[in-house]
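Comments concern the structure below.
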Amino acid sequence: MPSLIDLNLEGLQVARHRPWPRTVVDRAVWSFAVRMLSERQWQLLSLWGEPSRVHMALFDPRSGEIGVISLDCPNGTFPSVAARHLPALRLERTITDLFGLKPEGAIDDRPWLDHGQWGVRTPLGERVEADAPSPAYRFLPVEGAGTHQVAVGPVHAGIIEPGHFRFTVSGETVVRLEQRLGYVHKGIDGLIAGADLPRAAQLAGRVSGDSTVAYALAFARAVEAAAEIAVPARAVWLRALCAELERLANHLGDIGAICNDAAFAIMLAQFGVLRENVLRAADTAFGHRLMRDVVTPGGVARDLDDAGVAALRAALAVVRTKLPALIALYDSTASLQDRTVATGTLKPALADQYAAGGFVGRASGRSFDARRTLGYAPYDELRFDVPVLTEGDVDARVWIRIRETEQSLALVDQILDRLPRGDIFVAPTLPAQVCEGMALVEGFRGDILVWLRLQGGVVERCHLRDPSWFQWPLLEAVIEGNIIADFPLCNKSFNCSYSGVDL
């Protein structure tokens with residue numbers, strides 16, 4: 001069976017300086033890649049478009065190779081990926097919304113991002129005004145005796161982004177869940193296109209606010225790969241420090257929130273205190289609670305001083321002191337275990353089919369972690385484990401977070417102990433010719449992908465893929481057969497990003 005390198009030999013010759021080769025292919029090769037996905041030989045990392053071209057990032061789990069293939073679409077069409085590989089479905093619908101390109105043999109032609117307010121796109125992407133309002137969105141029909149639908153959202157009771165959840169239930173048991181997102185579409189693709197580097201980096205860090213470090217890092221690494229920029233060693237390690245603090249704060253918050261959805265509010269309060277300690281320490285160390293705009297192409301914008309180190313060590317000491325008792329409380333509370341164990345189970349085969357990243361995938365047997373699998377700096381020099389379970393339920397997703405919290409604590413210690421001295425930034429010099437770069441980094445939800453093209457000192461095109469693109473559909477699957485009252489638990493255990501998939 002050919003590998004991705006076999007498919008990309010021409011791309012390797014043309015772009016030998018890029019870590020992720022891209023090759024323009026014909027329809028036969030595109031269809032071959034789709035077949036490899038459908039046979040689960042390769043996995044889909046992302047699918048995105050331009051006005052007259054589509055791109056697909058692929059991962060070969062046998063060899064660990066990553067490649068990008070592109071297909072020109074002079075007639076405004078391309079062979080559907082989702083027709084044979086369902087994980088591509090929402091990305092495919094997004095390509096039609098943003099660029100008007102139509103997948104041939106599409107199994108679902110409903111819009112994804114477009115909520116009937118955009119007008120109409122022609123096949124080559126030009127926008128014209130609609131003569132009449134778009135028809136109402138077609139949810140799947142109710143089928144079966146005794147079933148009915150329950151509509152939740154898009155506006156929710158909590159301080160949460162909008163999303164519509166349409167349940168088909170029989171009594172209290174969920175037969176099917178269908179999601180409708182896209183309510184917070186920000187036009188990120190359009191805003192970045194043509195932006196200069198500082199503005200584009202700023203926008204990338206705001207795709208999903210709880211992952212601002214991870215997105216900024218992925219964007220910066222993509223720029224640096226495209227322009228062949230060498231980042232100072234101290235900056236590389238400071239980036240990892242910020243990434244682990246972000247992961248730590250989010251995992252602590254999630255564990256408490258999951259317990260709260262099982263009516264165990266004391267855990268929300270206790271873990272909320274620990275999360276707040278980490279955020280305050282990050283503010284002291286880097287000047288912002290979420291460390292926004294700290295990571296930038298060429299390095300980092302702020303150095304770490306002795307006061308910052310002291311604040312971080314003090315905050316982590318509190319977490320280490322409190323965490324064991326809270327874990328024991330979670331593990332020994334029967335009413336809590338009754339709600340989380342065997343609830344919302346994601347089967348390993350489905351997690352693997354969707355290449356689910358982060359705690360969602362690792363709780364269901366998929367061991368992929370970009371820090372370990374790709375071994376990018378400085379993680380190739382750090383000691384850490386990647387926890388993996390196979391149960392796939394809410395409880396397993398809690399335990400993966402617990403174990404990753406412990407690993408992040410150890411990683412922060414190693415980074416602080418070994419932090420090299422030196423510069424923290426080198427001014428990026430962008431080549432005059434067209435160049436492309438791609439990066440895959442591990443955020444707290446899973447792997448974040450950024451691909452971009454630079455030309456004339458600006459970002460001509462940029463694609464940012466959140467791990468939630470492949471996790472949201474799995475939430476629809478895991479709630480089936482559970483009672484509707486368990487949806488908040490399942491939903492929070494996934495904690496998918498609304499903003500990250502609305503672009």
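All values derive from a computational prediction rather than experimental measurement. We use all heavy atoms of the structure for the numbers below, so side chains are in, but hydrogens, waters and symmetry mates are not.
- Residue Trp48 forms a ring-ring contact (aromatic ring centres under 6.0 Å, His included) with just one option from Phe99, Trp451, Phe78, and that option is Trp451.
- Salt bridge status for Asp369 with Arg362: present, with a side-chain N to carboxylate O gap under 4.0 Å.
- Under the 4.5 Å side-chain criterion, counting only non-hydrogen atoms from C-beta, Glu276 is in contact with Arg289.
- Between Phe444 and His251, the angle of the ring planes goes over 60°, which puts this pair in the perpendicular group of the 30/60° scheme.
- Heavy-atom neighbours of Arg110 CZ from other residues, nucleotides or ligands within 6.0 Å: above the threshold of 12.
- Under the 30°/60° scheme for interplanar angles, the aromatic rings of Tyr137 and Phe139 are found to stand perpendicular.
- Residues passing the salt bridge (charged side-chain N to carboxylate O under 4.0 Å, His left out) test with Asp283, sequence neighbours excluded: none.
- Using a cut-off of 4.0 Å between Lys/Arg side-chain N and Asp/Glu carboxylate O, Arg453 and Glu460 are scored as salt-bridged.
- In this structure, the side chain to side chain contact (heavy atoms under 4.5 Å, CB included) partners of Leu191, at least two apart in sequence or on a different chain, are Leu203.
- For Asp293 and Arg302, the salt-bridge test fails: no basic side-chain N is under 4.0 Å from an acidic carboxylate O.
- Judged by distance alone, the side chains of Asp254 and Asn495 do bring a donor and an acceptor atom under 3.5 Å apart.
- A salt bridge links Glu224 to Arg239: at least one charged side-chain nitrogen sits closer than 4.0 Å to a carboxylate oxygen.
- Val458 places none of its side-chain heavy atoms less than 4.5 Å from the side chain of Leu430.
- Salt-bridge formation is not detected for the pair Arg53/Glu50: no Lys NZ or Arg NE/NH1/NH2 atom is positioned less than 4.0 Å from an Asp or Glu carboxylate oxygen.
- Between Leu346 and Val360 there is a side-chain heavy-atom pair separated by less than 4.5 Å.
- Salt bridge absent: Arg371 and Glu404 never bring a charged side-chain N and a carboxylate O closer than 4.0 Å.
- We find that Asp447 and Arg465 are joined by a salt bridge, their nearest charged nitrogen and carboxylate oxygen being less than 4.0 Å apart.
- Contact of the Leu245 side chain with the Met291 side chain is registered, since non-hydrogen atoms from C-beta on lie closer than 4.5 Å.
- Relative orientation of the His156 and Tyr498 rings is tilted, given thresholds of 30° and 60° on the angle between their planes.
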